[in-house]
Structures are given as structure tokens and as C-alpha cells.
Amino acid sequence: MDTGNKTNNSKTEANISGNFIHDIIDRHLEEGVYKKVHTRFPPEPNGYLHIGHAKSICLNFGTAAKYNGLCNLRFDDTNPAKEELEYVESIIEDVKWLGFDWEDRLYFAADYFDKMYEYAIMLIEKGKAYVDDLSAEEIRKLRGTLTEPGKNSPYRDRPIEENLDLFRRMKAGEFEDGTRVLRAKIDMASPNMNMRDPVIYRIAHLPHHRTGDKWCIYPMYDYAHPLEDAIENITHSICTLEFEDHRPLYEWVLDELGIFPNPPVQIEFARLELTNTVMSKRKLRVLVEEGKVSDWDDPRMPTISGLRRRGYTPTSIRDFADRVGVAKNNSVVDIALLEHCLREELNKDAQRVMGVLNPLKLVITNYPDDKVEYMELENNQEDPEAGTRDVPFSKELYIEREDFMEDPPRKFFRLAPGKEVRLKNAYIIKCEEVVKDEATGDILEIRCSYDPETRSGLPGAKRRVKGTLHWVSVKHAIPATIRLYDYLFVEDENGEMQYNPDSIKELKGYVEPSLKGTEAGSRFQFFRQGYFCTDIVESKPDDLVFNQIVPLKSSYKPGK
RNA sequence: UGGGGCGUAGCCAAGCGGUAAGGCACGGGACUUUGACUCCCGCAGUCGUAGGUUCGAAUCCUGCCGCCCCAGCCA
């Protein structure tokens, strides 16, 4: 059945292509199992979102959009020991930044605690749940192992009235943490460990970021999640593969209660892994705590906040999420695909500018001392509408240190003694002399002559030279801090991913004067270098800090 | 040795009984005042493996192998 693509061009649409989940939904709609589609993104507010979550966000919101349905943002905040308001705020910011809109449907599991409690009472009354006085240790011992069945708790067959009384007293705060739990009464011999009378409520005398001190018992995920979904009339509860084993329990809770006429179905997909980084909250936390990165929003982090600070766009991340696909294979996606998405977008609309990362002074000996010419540069040759600007040119310039070699290999299309090269939208120059530090041998400056007939636009400019260099006029240059990044993890000689101690390089470079006053968060393509974004935390209009988002691709292979 | 999943190219991923899409990466070439972009070309004689069913199998069946997940009062 063709459900049609969303016709209103909401910017929040992830343009999701088909996948096995959509096939299931198509069938549901066809068979009338559901009349509409309602999904949710249900983060636990216990950490920052990363690009793996972005995949899930795009899937859930994108699926809803595809079927003209709705997607809720719901915090699954059933464990106050780990959750904080700080995280709910960052998650809201990140989902919004990615471009998704949950309208007025911002929900919290905690807001359903009263209902969940009532439902638990119902289960007890049906004889489907019981209060267990065993310690965590004892429960574990009786649970059995993967190959041996568990054993019933001695409290398993306690009378309903007693269970009711005990559960009410658990809620009333009469018992210490860990002294009692409420368990679902299912089957201690089930081959599925999750069905061996799972704990559904525990005692925790902890304040909750939303409910304060109202509760000292909190529901467990397996019990709470299906209820959250059912209460919100979710149709398709999409989660990751590790919950596949929990599906029978998800269904058990809803079935036993029997009060939801059209309960949701849980569908699992493989979470995203990326090369050259780590993705678990735990591992990311270690990087932060060990000071390997500055914070969760360090531009090297795969967190949404890190990617944002690095300069990644929401569009490129959504595009990436769409391209990696949705399936059940555990997969590790090459980070080159993410980079490709960013380049593809920014190639289309990033302003081109000239910035010299590693400056080397170049003097044009036959150019008049005080002369300044303004060279016209296209803002973006991919987009004629972007117009042009004038960039000052003078006798003394900075070029990239890498663009000069005293003793170049073959096919070095740049500057070398006696060789000619084009300065972007200016003149052809020829290297006449290399000035070095007598003591160290370091190259201090390059002295060149220029051919006045070869100015861009003049007939003499037709002459071809193999290389074109970017440049910045010394007296007009704006100093800037430029940060280059490498992957946080790189492959060692055995093919293992290892932490990369050299993942950041900070340079003092120069950029063309048009960049004066640039606001934080602005993106550019630095000619021949890559895409850069002014750091949203540290860049100031009069003290620019650029983060390299990704370098330009290069087919230049030294030595070939 | 229990249960639940998954095996299609270097990495993702379509495919749903009629003869292996697409993307990324990679290699070659054209173009180029960005070694970028763009454009061309190449890149799985076979789908983990062995059998079986069929006129026909990546698709159905059986066995085997490999990998992932489950024994939290985490989610």
C-alpha cells in the first residue's frame, strides 16, 4: 500500500526512505490494526544525546512525518538515582536543534506515576504481582542461570490482601530501600530471563526532579515503558535490539492489564555505531572525566552538542541518519559517510573565503611598496546568486607553509624555487629567492616576482600554470585561532581502535579581512582547506576561533 | 549447554521464487584560477556454509559455522 509521502514540506521531515519498520507499518495500516501512526522518542535524562540517538530521533519523528502521524518527546525518567534536570534541558535543546517539533506533546514518565501505581494494584488484585521480601542478592540466586531454571521466591504465593497491604506500605515509606520489591508473577522457569518474575517496583527514598518527595517507590523500565506508550496512545514503539528479549514482557504487562483497547507494538532496530569514535554514554563519560576532551560538547565528541559545536548542520545529520538505513544488523558505519553529508551540503551553500592556517610570508619584489589592489572573488561558484566581494592584495602576503617546497617531488603543483604558480584571482608569480634563518635553516620568507599582465580578468591571465594558491595580504590579515581535528580513535597496526592523543591541533593563522566581525556559529569553506565554523563558545567577533568541521577531500598523494 | 536476534562488496544497505539496486570508501580518466566540486569509467559470475525442494533459489526447507544480546532493585 502506498501511504504517500508527506506533502507539506515541513523542515522537520527527515525524508526517510523505506525500511523494514515502514513495511510493518504499511501492513498494519492495510490490515486496519492501526488507523494512524504515533511514535515517540523516549530518552532517559541521564546524559547527553549522541549521534546514535540522532538516528533514533530521525527514525521516530521521520516515521511519524511520513505517515502524517505524530511523534512525542517523552522523558523516561523512572530512576531518580541517575536522572537530572540538566539533562532534560540539553536533550530538549538537541532535539529541537536537529529540527524536530513535538508541538505540545512533551511528556514525562513521572507524570504517570499515579496511574502506574493504580495499575500495579490491579495486577496484584489479579494475582499477577506480589511483594517479595528477598534481598537483591537472594533474588539473584533464585533467578537461576541461562541454562538452569530459577526457583520461586518463598513470598511468591502470599495472599493478595497481604500483597496489597505491603505494597501500600512500600509506597507510604514504611520500608527501607532494598528491603522489598514488587514483582510480576510470571514464570521462574522461563527460558527468557526477563520473564522470571521481573521486579517492577523498587523502593528508593530519593527525590525526583519532577515529583520531588512524593514517591519513594519507582517503577522499573519493563513495567513502566509499555504503560507510558499505551497511555500516550503510541502505535509503534521503536527501540533498539537489546530490548528484543523484553518484548514478551512488554506485551505481558499490557495484556494482563487488558485495559488498552489498541495497545502499541514494540519494534526493534540496530543501534548506530560509528568508526573512529565511541558511542556509549559510559565511554563518553570516561573521556570527559579523564580530561581527554574538554566536556560533553567538545568538538571531537559524537554528542549532538559536540557535533553542533564542531559545526555540523542539522540537515547533514538528518541526511546521514537517512542514508545509514534502518535494519537489524549490528553495523559500524564509516564516519566518512557523515563527513560526506556535511561536505555535500556545505559545498552547495558555504561562503568561500581565504584563510592561511600555517603562514609563510611571501614578498613580491617587483610589486609597488604601498600599492593595494582589490581582487574580485566569487563568494561561491556553486551559487552565482551568492555574488562577489573584493579582497585586498599587496606586496606582502601570507601563503600556506605547505604550499612551498624547496626541493619538491614530481607533480608538486605549488611553489618551488624557479617555479610559477597562480595566486587565486590575482597574479601569476614566480619564486626567485628563499630567505632562511642562517642558524636553523628555517624558511623565513619567499621572494617572488609577479607578471602584471596576468591579473585575473586580463588577457594575460589566460596563461596556464598548474597550481593555484590561496593567500592573505599581510597588512590586511586578521589573526585567528584555527583548530584542526583528527579522530578521537584511530586504528592501530593490528586494526584495533585506539585513543588518539593527537586529535586536536591549534594554530595561529590569518584570514581575509571580510571575516572581520564574524559571529559565532558561522560556517565557511576555506579555499583548498576545508569547512570551518566559528566556535559557538569561544569565538568573538574581534577574536575569531575557527573549528575545522571536515577537510576538503584531496586526491593529492605526495610521493606519487 | 537455555532463550532471543543477525550473516548480501572494505563499510552501510535494497532485495520478499524469475537470474545481485543505491550510497560511502577505493582505483582510473575528463574538466578545473579550490589537487575541491561536477562528469565519465571500474569495483559481488553470486548472497556465511553444506545439502534439499523447484524449470528456476540471496529469497522456501534442513543441518552446520560465525557474530551480537539476556542472569540490575539500570534503561
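Naming convention: chains lettered A, B, ... in sequence-line order (proteins, then strands); numbering from 1 in each chain. We use all heavy atoms of the structure for the numbers below, so side chains are in, but hydrogens, waters and symmetry mates are not. For clarity, every value in this text was computed on a predicted model and none was experimentally measured.
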With distance as the sole criterion, is a donor-acceptor pair present between the side chains of [X] and [Y] under 3.5 Å?
X: A:Asn46; Y: A:Glu83; result: no
X: A:Asn358; Y: A:Glu400; result: no
X: A:Glu345; Y: A:Thr313; result: yes
X: A:Glu512; Y: A:Ser514; result: yes

Review point. Out of B:G23, B:C12, B:G5, which nucleotide sits closest to the side chain of A:Glu244?
Key: B:G5
Check your understanding: Do A:His340 and A:Phe320 have ring centres separated by under 6.0 Å?
Key -> no
Practice item. Tell me, please, which residues at least two apart from A:Lys283 pass side chain to side chain contact (heavy atoms under 4.5 Å, CB included). Key: A:Val278, A:Ser280
Practice item. Please list, chain by chain and in numerical order, all residues satisfying side chain to side chain contact (heavy atoms under 4.5 Å, CB included) with A:Ala327, sequence neighbours excluded. Key: none
Point to revise | Sequence-aligned protein contact record of nucleotides 32-44 of chain B, with B where the base is within under 4.0 Å of a protein heavy atom and S where only the sugar-phosphate is | key: SBBBBB-------
**Study point:** Footprint string (nucleotides 64-75 of chain B, 5' to 3'): B base within contact, S backbone only, - free, heavy atoms under 4.0 Å
**Key:** ----SBBBSBBB
Point to revise | Separation of A:Glu228 CD from A:Tyr221 OH (nearest 0.5 Å) | key: 8.5 Å
Review point. Distance between the C1' atoms of B:C16 and B:C74, in whole angstroms?
Key: 38 Å
**Study point:** Whole-Å C1' distance, B:G10 and B:G72
**Key:** 38 Å
**Study point:** Qualifying salt bridge (Lys or Arg N to Asp or Glu O under 4.0 Å) pairs, either residue in residues 329-338 of chain A, two or more places apart
**Key:** none
Check your understanding: Taking only N and O in the side chain of A:Asn329, is any of them less than 4.0 Å away from OP1 or OP2 of B:A13?
Key -> yes
Exercise for review: Nearest-nucleotide wise, let me know which of A:Lys328 and A:Thr147 is further upstream toward the 5' end of RNA chain B.
Suggested key: A:Thr147
**Study point:** Intra- and interstrand pairs of RNA chain B - dot-bracket, Watson-Crick/G-U under 3.5 Å, | marks other strand
**Key:** .(((((((.[[[..)..(...]]].(((((.......))))).....[[[[[..)....]]]]])))))).....
Check your understanding: Parallel under 30°, tilted from 30 to 60°, perpendicular over 60°: which one fits the rings of A:Phe108 and A:Phe75?
Key -> parallel
